[in-house]
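Everything on this sheet refers to the single structure shown next.
The chain is numbered in sequence order, starting from 1.
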Amino acid sequence: MTKEFIEQQKQKLIEQRSMLLASLSAQSEDMRKLTGTAESGDEVDIASDAIDRTLLDSIGQQDALRLTLINNALESIDRGTYGKCLMCGKDIPEARLESIPYADLCIECKAKEERRNR
């Protein structure tokens with residue numbers, strides 16, 4: 001893996017982190033608005049607000065997980081271990097890192113992990 005490729009990935013990760021932080025901030029503001037209006041309206045409005053809160057919470061959890069993965073990838077760049085599978089230690093293919101710059105497992109190990117988690 002070239003130094004240029006790693007630098008490109010680092011920039012992608014920084015951009016993704018910025019977008020996620022902005023998204024989480026907006027979701028937090030939306031959640032505050034929903035919480036403030038939870039008691040107003042009829043039963044349908046209250047149920048709709050509850051669904052919206054649940055959806056926002058779920059999206060927020062996914063974004064928070066992705067933010068953690070991005071931060072871990074940036075730390076691995078600083079340590080010089082970026083692109084190494086955490087399970088088997090083999091190089092993660094550049095094509096995988098291109099599509100998922102925060103990937104921490106090679107395809108084979110990710111498939112094993114997903115089968116184990118079913």
Side-chain angles (χ1 to χ4, degrees):
M1 196 170 318
T2 67
K3 197 171 191 173
E4 181 181 329
F5 176 79
I6 292 173
E7 189 57 36
Q8 289 172 349
Q9 296 305 98
K10 183 176 182 177
Q11 291 308 312
K12 279 185 188 179
L13 289 163
I14 290 170
E15 288 171 16
Q16 287 183 6
R17 180 173 62 185
S18 294
M19 289 186 333
L20 277 173
L21 289 172
S23 173
L24 286 169
S25 176
Q27 290 170 23
S28 178
E29 182 62 30
D30 290 343
M31 186 64 84
R32 272 192 289 275
K33 288 177 186 174
L34 283 172
T35 304
T37 62
E39 299 305 318
S40 65
D42 60 15
E43 290 179 21
V44 174
D45 289 337
I46 293 170
S48 177
D49 287 348
I51 291 169
D52 289 345
R53 281 193 301 276
T54 302
L55 181 60
L56 277 173
D57 185 47
S58 175
I59 292 169
Q61 289 175 3
Q62 292 170 1
D63 284 348
L65 174 60
R66 192 172 28 218
L67 184 60
T68 298
L69 293 171
I70 288 170
N71 285 332
N72 290 345
L74 288 167
E75 287 175 16
S76 72
I77 288 173
D78 291 341
R79 286 191 312 266
T81 59
Y82 180 73
K84 298 282 183 192
C85 177
L86 293 178
M87 287 180 71
C88 70
K90 294 179 183 174
D91 288 339
I92 299 172
E94 285 186 13
R96 177 162 170 74
L97 293 171
E98 276 286 333
S99 62
I100 308 171
Y102 50 84
D104 56 2
L105 299 174
C106 67
I107 294 170
E108 294 81 19
C109 290
K110 183 66 176 175
K112 287 178 192 174
E113 180 185 76
E114 287 176 354
R115 280 192 300 272
R116 223 181 4 254
N117 291 335
R118 285 188 191 168

Please step through side-chain hydrogen bond (donor to acceptor under 3.5 Å, both in side chains) for the pair Glu7 and Gln11, ending with a clear verdict. CA-CA 6 Å; Glu7 189 57 36; Gln11 291 308 312; 3.2 Å; yes

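- Looking at every heavy atom in both residues, Met1 comes nearest to Leu97 through CE-CD1, 3.8 Å.
- For Arg96 (side chain) and Leu105 (main-chain N/O), a donor-acceptor pair under 3.5 Å exists by modelled atom type.
- Taken to the nearest 0.5 Å, the NZ atom of Lys90 stands 12.5 Å off from the CD1 atom of Ile107.
- In this structure Asp91 satisfies the side-chain contact (heavy atoms from CB on, under 4.5 Å) test together with Lys84, sequence neighbours excluded.
- Distance check, rounded to the nearest 0.5 Å: CD of Glu94 to CD of Gln9 gives 8.0 Å.
- Of the options Leu67, Asn72, Thr68, Leu69, a side-chain contact (heavy atoms from CB on, under 4.5 Å) to Tyr102 is made by Leu69 and by none of the others.
- Smallest separation of non-hydrogen atoms from Tyr82 and Ile6: CD2-CG1, 4.2 Å.
- Judged by distance alone, the side chain of Lys12 and the main-chain N or O of Ser99 form no donor-acceptor pair under 3.5 Å.
- Remark: Cys109 SG to Arg116 CZ distance equals 8.5 Å, nearest 0.5 Å.
- One hydrophobic cluster, built from ILVMFWY side chains closer than 4.5 Å, cannot hold both Leu86 and Ile100; they sit in different ones.
- In this structure, Ile70 and Leu20 approach most closely via the heavy-atom pair CD1-CD1, 3.6 Å.
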Please test Glu113 against Lys110 for salt bridge (charged side-chain N to carboxylate O under 4.0 Å, His left out), starting from the C-alpha separation and ending with a verdict. CA-CA 5 Å; Glu113 180 185 76; Lys110 183 66 176 175; 3.3 Å; yes

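- Ala73 and Leu13 get closest at one heavy-atom pair: CB-CD1, 3.7 Å.
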